[in-house]
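Note sheet for the following structure.
All ligand and atom numbering here is 1-based and tracks the order in the structure. Everything quoted here is computed from the prediction, not taken from an experiment.
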Amino acid sequence: MLEELAHIGRDPATNGYVRDAWSDCDLLLREWFAGEAARRGLDTREDRNGNLWAWWGDPSATPGVVTGSHLDSVRQGGAFDGPLGVVSAFAALDILRNRDFVPGRPLGIACFTDEEGARFGVPCMGSRLLTGVLAPSRALGLVDDEGDTLADVLVRTGREPGRIGRDDETLGHLGTFVELHVEQGRGLADLDRPVGVAGAIWPHGRWRFDFHGQANHAGTTRLADRDDPMLPFARMVLAAREAAAGHDAVATVGKVRVSPGNANAVPGLVSAWLDARGPDERDVRALVAELTEGAGRAQVSEESWTPVVDFDVALRDRLAAVAGGDSAAPVLPTGAGHDAGILASAGVPSAMLFVRNPTGVSHSPAEHAEQADCEAGVVALANVLEDLCR
Ligand code: GLV
Ligand code: MN
Ligand code: MN
């Protein structure tokens with residue numbers, strides 16, 4: 001299945017994936033999902049927020065166990081972040097059927113919309129809308145790089161913007177959610193284990209810094225006369241690194257927009273996006289406060305915030321016991337965000353399985369997982385689902 005997906009959205013120049021939410025590529029991936037579900041006799045339903053659900057059994061009678069992940073990617077992402085969880089969900093279902101397992105509860109496969117937030121800036125859009133932590137009015141007004149709002153894009157793809165928002169009916173189907181994901185660090189590689197379980201997700205957020213200045217000629221404007229926003233921007237990037245080290249956190253400026261972007265002009269505006277995360281929310285908040293203060297007259301706006309997620313301990317330990325084989329699977333914290341975290345915070349008992357990533361590299365074309373580890377992940381997921389659905 002990963003091979004079938006391998007050509008969709010791949011940039012041949014880099015082998016990286018560009019799979020923006022609601023792009024033609026995303027629509028193809030959605031079709032692929034529905035096709036895989038149909039091959040297994042399952043109907044796919046798209047909820048009001050664009051998330052896909054394929055159910056084995058009827059969740060309107062009894063809430064079920066759901067597994068899955070997302071198919072969108074960061075720009076120039078890897079092949080595994082997201083797709084591995086969706087593909088493993090279908091593969092685990094196949095294993096259960098080969099075992100002639102008859103689930104005692106409905107079993108669902110999910111694909112969440114716009115997990116990465118690559119296009120509109122807010123990650124986990126599908127699960128945030130589903131659970132109501134993101135207001136529809138805010139979501140609909142978010143703008144992509146082309147200047148299109150989410151509302152425009154939903155209309156163009158035949159969806160109904162007026163219907164997005166908290167969806168209690170769909171939430172009511174979710175008894176338990178388990179997301180399998182490629183690990184995005186080296187925890188399992190260091191422990192020499194193929195599969196692990198998530199303990200916690202660090203609190204994390206994204207902030208936009210707009211540094212305004214005065215666009216002017218690069219050759220004729222004397223240094224003393226310049227109001228160059230690139231300088232406070234550069235100071236903020238260096239300060240972010242120092243503040244992160246000082247606060248036991250991580251901080252990243254991975255996206256910058258320079259306007260108007262002439263090599264021969266002082267820019268008029270530099271917009272930069274800060275991503276900050278850490279084990280302790282107070283540290284992350286202190287770091288952002290420090291940078292905001294240091295940025296002087298820059299406008300700073302919080303584009304998203306996700307509080308710490310401590311996954312349900314009993315469920316986590318149950319997964320670790322079932323997924324670990326001879327000895328319990330290791331429990332790892334992560335600095336990466338996931339739909340499972342949004343659902344957990346909304347009160348849906350949720351857990352995650354991680355599959356070893358030999359280098360830990362992720363959000364990059366170099367992201368990798370060995371086939372044997374992916375297969376171990378599928379077997380672990382099948383065992384977990386069998387346990388939860390018995
Ligand atoms: C999603 O992968 C995130 O952690 O930003
Ligand atoms: Mn990701
Ligand atoms: Mn992911």
Side-chain donor-acceptor pairs under 3.5 Å in residues 312-325, sequence neighbours left out?
residue : atom : partner : partner atom : Å
D312    : OD1  : A314    : N            : 3.2
D312    : OD1  : L315    : N            : 2.8
R318    : NE   : D387    : OD2          : 2.7
R318    : NH2  : D387    : O            : 3.1
R318    : NH2  : D387    : OD2          : 3.4

Exercise. State whether the number of non-hydrogen atoms from other residues, nucleotides or ligands found under 6.0 Å of R156 atom CZ is greater than 12.
Key: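 Buried by this count: over 12 neighbours within 6.0 Å.
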Quiz item: CZ of R40: more than 12 outside heavy atoms within 6.0 angstrom?
Solution: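 Yes, CZ of R40 has more than 12 neighbouring heavy atoms, counting only those of other groups under 6.0 Å.
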Quiz item: Under the 3.5 angstrom rule, does the side chain of E179 hit a backbone N or O of A340 as a donor-acceptor pair?
Solution: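 Judged by distance alone, yes, a pair lies under 3.5 Å.
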Quiz prompt | Step-by-step side chain to side chain contact (heavy atoms under 4.5 Å, CB included) determination, V258 to F233 | solution = CA-CA 10 Å; V258 181; F233 158 68; over 6 Å; no
Self-check item: Lys/Arg N to Asp/Glu carboxylate O, E169 vs R163, below 4.0 Å
Solution: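 Salt bridge flag = no for R163 with E169.
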Practice problem: State whether R45 and D47 are salt-bridged, where the test is any N-O pair (Lys NZ or Arg NE/NH1/NH2 against Asp/Glu carboxylate O) under 4.0 Å. | Solution: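 No, no charged N to carboxylate O under 4.0 Å.
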Quiz item: Which protein residues have a heavy atom under 4.0 Å from ligand 1?
Solution: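 Heavy-atom contacts below 4.0 Å: E115, E116, R277, A336, G337, H363.
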Quiz item: In chain order, what residues pass the salt bridge (Lys or Arg N to Asp or Glu O under 4.0 Å) check against D210, with sequence neighbours excluded?
Solution: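 So D210 forms a salt bridge (Lys or Arg N to Asp or Glu O under 4.0 Å) with R208.
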Practice problem: Could you name all protein N, O or S atoms found under 2.8 Å from the Mn ion (ligand 2)? | Solution: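 Short answer, with waters excluded from the count: D81 OD2, E116 OE1, E116 OE2, H363 NE2.
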Practice problem: Indicate whether the side chain of H217 and that of N264 have a donor and an acceptor atom separated by less than 3.5 Å. | Solution: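 Side-chain D/A pair, H217 to N264: absent.
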Exercise. To 10°, measure the NE2(H70)-the Mn ion (ligand 3)-NE2(H181) angle for me.
Key: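 Reported to 10°, the angle equals 120°.
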Quiz item: Which atom pair, heavy atoms only, marks the closest approach of V86 to A110?
Solution: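 Taking every non-hydrogen atom into account, CG2-O, 4.3 Å.
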